[in-house]
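Remember, it's a predicted structure, so these values are computed and weren't measured experimentally. Note that ligands are numbered from 1 as they come in the structure, with each ligand's atoms numbered from 1 the same way.
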Amino acid sequence: MRRIVIATRNTKKLAELRRILAAEIPGIDVLGLDDVEPFEEPPEIEATFEGNALIKARAAAAATGLPTLADDSGICVDILNGMPGVLSARWSGAPRDDERNNQLLLAQLTDLSGERRHAEFRCAVAFVQPDGEEIIEIGVMRGRILPEPRGQGGFGYDPLFIADGQAVSNAELPAGEKDRVSHRGRALRDIVPAVATALRAR
Ligand code: ITT
């Protein structure tokens, strides 16, 4: 059975992960957290994307007994010394709100020219198997923070980000093009061989 859990509560992130995986492993059966029995989800308290991805993947693999992928990701702005980083989802406090996060980030970069707006999206993808085997891959997408939001697609900080080599914001990129260049696409494609091997062995 080519069945796998993706341990995320973010529906737009799940859609991207599903789309990328389906292109790489045809016929794979992807379950989101809404498709499995509820379990206690531990808080994401680590200081690294890798650490938080492992927290999410270990908990879901233990609860479901199924091979599990988890993604921890965020935006790291050079002049902010890598912040928001692992705090990206809650950058402007609770309750979590993407629009408010974006406004805060823009305000923090007021008056800074393009040369001071370099940033990157980072993604750690953890693959955890019920027997305890664990693999992590990292993906990075470099670019800049725009002076104002552009586009309606994607999610989170996408309207504020233009990737190096692109003419439009992440929120204006066709889905397939975002997947090709994104932090998530890169990390996931690197972990696919291990996932495919593990699923064949089950
Ligand atoms: P799960 O933990 O349930 O997976 P989450 O949305 O809380 O969902 P993270 O903790 O990994 O996920 O936080 C990711 C943050 O980084 C969140 O604010 C996203 O909006 C942002 N982010 C990550 N990847 C992104 C992308 O491709 N485009 C735009 N924003 C992204």
Side-chain angles (χ1 to χ4, degrees), residues 5-20 30-36 38-60 63 68-77 80 82-106 119-128 136 138-146 149-163 166 168-188:
V5 173
I6 297 191
T8 179
R9 290 269 162 216
N10 181 326
T11 52
K12 293 192 171 168
K13 187 198 268 188
L14 178 62
E16 283 194 8
L17 290 162
R18 268 189 206 276
R19 192 168 70 210
I20 300 164
V30 173
L31 306 178
L33 289 183
D34 287 340
D35 305 316
V36 302
F39 60 91
E40 189 162 347
E41 294 169 38
E44 297 168 35
I45 52 169
E46 291 294 334
T48 61
F49 294 115
E50 296 92 316
N52 286 323
L54 274 174
I55 286 178
K56 295 186 253 194
R58 283 176 183 151
T68 300
L69 282 169
D71 157 320
D72 199 65
S73 47
I75 194 157
C76 306
V77 180
L80 298 178
M83 290 188 281
V86 294
L87 301 179
S88 293
R90 46 181 132 151
W91 190 232
S92 61
R96 168 201 171 130
D97 183 305
D98 287 347
E99 175 63 27
R100 183 156 38 77
N101 286 342
N102 287 0
Q103 289 307 324
L104 177 59
L105 185 59
L106 278 184
E120 63 193 28
F121 274 110
R122 295 188 71 84
C123 174
V125 174
F127 179 51
V128 173
I136 300 213
I138 306 283
V140 178
M141 171 170 48
R142 293 252 345 140
R144 291 183 195 198
I145 306 296
L146 290 161
R150 274 170 47 179
Q152 305 296 322
F155 66 98
Y157 295 92
D158 277 339
L160 298 189
F161 187 86
I162 185 160
Q166 298 291 336
V168 296
S169 81
N170 267 10
E172 297 168 309
L173 281 180
E177 183 62 7
K178 182 180 174 192
D179 295 347
R180 191 178 70 79
V181 297
S182 81
H183 50 317
R184 183 163 296 107
R186 292 174 197 277
L188 201 54

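Using a 4.0 Å cut-off between charged side-chain N and carboxylate O, D34 and R9 make a salt bridge. Ion pairing between a basic and an acidic side chain is recognised when a charged N comes within 4.0 Å of a carboxylate O; K13 and E16 show no such pairing.
Using a 3.5 Å distance cut-off with no hydrogens or angles, the side chains of S169 and R150 do not pair a donor with an acceptor.
For F121, the ring-ring contact (aromatic ring centres under 6.0 Å, His included) partners two or more places apart in sequence, or in a different chain, are F161, H183.
Near ligand 1, T8, R9, N10, K13, E44, K56, D71, D72, S73, G74, S88, A89, R96, F121, F155, G156, Y157, D158, K178, H183, R184 each place a heavy atom less than 4.0 angstrom from the ligand.
Put simply, the residue from E50, E44, E46 that forms a salt bridge (Lys or Arg N to Asp or Glu O under 4.0 Å) with K56 is E44.
The distance from the CD atom of Q103 to the CG atom of L105 is 10.0 Å, given to the nearest 0.5 Å.
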